[in-house]
S.K.: 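My questions will all concern the structure given below.
Nothing fancy with the numbering, it's 1 onward along the sequence.
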Amino acid sequence: MINLNHLKIFEKYNGDSDGFARAGSKIEKEQMDHNYWFMIANFKHDLELVRKGLTSDGFNKDLERRLNEQVDVEAQERLKEAKKNERNILIAIFHRIKAWVTRY
């Protein structure tokens, strides 16, 4: 089951599995294998599709079921919150660029 520690490791390497393979500590590699990495990447992708409204009700229900089966509660909250934070960061960057461009 994916837990908060798995997500912290994934986030530490920004989802870069090659970076993790090269620079991950022995302890991190004992706790996190490629199966966890793949599952986290897929969940993040699926949650992004849901956030964008590109999924069906059936997909959403299946995703919720898979999250409940494969991800502990704390990790689920962090996965869902991460998408909100990423969106807010992108919006802030867009507004800064827009303000800079329109200034000239």
S.K.: With sequence neighbours left out, write down each residue that passes salt bridge (Lys or Arg N to Asp or Glu O under 4.0 Å) with K12, or none if nothing qualifies.
M.R.: E28
S.K.: What's the spacing between T55 OG1 and K61 NZ if we round to 0.5 Å?
M.R.: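 With rounding to 0.5 Å, OG1 (T55) is 12.0 Å from NZ (K61).
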S.K.: Just jot down the salt bridge (Lys or Arg N to Asp or Glu O under 4.0 Å) partners of R65, sequence neighbours excluded, or say none.
M.R.: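 For R65 the salt bridge (Lys or Arg N to Asp or Glu O under 4.0 Å) partners, ignoring immediate neighbours, are D62, E69.
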S.K.: Who passes ring-ring contact (aromatic ring centres under 6.0 Å, His included) against Y13, sequence neighbours left out?
M.R.: F20
S.K.: What's the separation between atom CG in N42 and atom CD in Q70, rounded to the nearest 0.5 Å?
M.R.: 10.0 Å
S.K.: Find the distance between CG (L47) and CG (L63) and round it off to the nearest 0.5 Å.
M.R.: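 So the gap between those two atoms works out to 5.0 Å.
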S.K.: Where do N5 and M32 land on the side chain to side chain contact (heavy atoms under 4.5 Å, CB included) test, with the steps shown first?
M.R.: CA-CA 9 Å; N5 192 49; M32 178 85 149; over 6 Å; no
S.K.: Does E30 have any side chain to side chain donor-acceptor pair (under 3.5 Å) partners at least two apart in sequence or in another chain, and if so, which?
M.R.: none
S.K.: Within a strict 4.5 Å, meaning less than it, do heavy atoms of the F59 and L54 side chains meet?
M.R.: no
S.K.: Which residues satisfy the side-chain contact (heavy atoms from CB on, under 4.5 Å) test with D33, sequence neighbours excluded?
M.R.: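 Once residues adjacent in sequence are excluded, the partners of D33 under the side-chain contact (heavy atoms from CB on, under 4.5 Å) criterion are N35, Y36.
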S.K.: Would a distance-only check, ignoring hydrogens and angles, find a side-chain to backbone donor-acceptor pair under 3.5 Å from K44 to L79?
M.R.: no
S.K.: Begin from the C-alpha positions of E64 and Q76 and carry the test side chain to side chain contact (heavy atoms under 4.5 Å, CB included) through to its verdict.
M.R.: CA-CA 10 Å; E64 193 66 33; Q76 281 187 47; 4.2 Å; yes
S.K.: If you compare all heavy atoms of D16 against all heavy atoms of R22, which two are closest, and at what distance to 0.1 Å?
M.R.: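 What the structure gives for the nearest pair is OD2-NH2, 4.3 Å.
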S.K.: Could you tell me which non-hydrogen atom of I2 sits nearest to which non-hydrogen atom of A75, and how far apart they are?
M.R.: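 Looks like O-CB, 3.9 Å.
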S.K.: For a quick test of reading the model, state the closest non-hydrogen atom pair linking L67 to F43 and the distance between them.
M.R.: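 Here L67 and F43 meet closest at CD2-CD2, 3.6 Å.
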S.K.: With sequence neighbours excluded, tell me which residues meet side-chain contact (heavy atoms from CB on, under 4.5 Å) with K8.
M.R.: L4, R78
S.K.: As a quick check of understanding, evaluate side chain to side chain contact (heavy atoms under 4.5 Å, CB included) for R51 and E48, giving each step before the final call.
M.R.: CA-CA 5 Å; R51 187 190 66 74; E48 181 66 14; 2.7 Å; yes
S.K.: What verdict does the side chain to side chain donor-acceptor pair (under 3.5 Å) test give for H6 and N3, after you've listed the backbone C-alpha separation in whole Å, the side-chain angles of each residue and the deciding distance to 0.1 Å?
M.R.: CA-CA 5 Å; H6 294 125; N3 60 39; 3.2 Å; yes
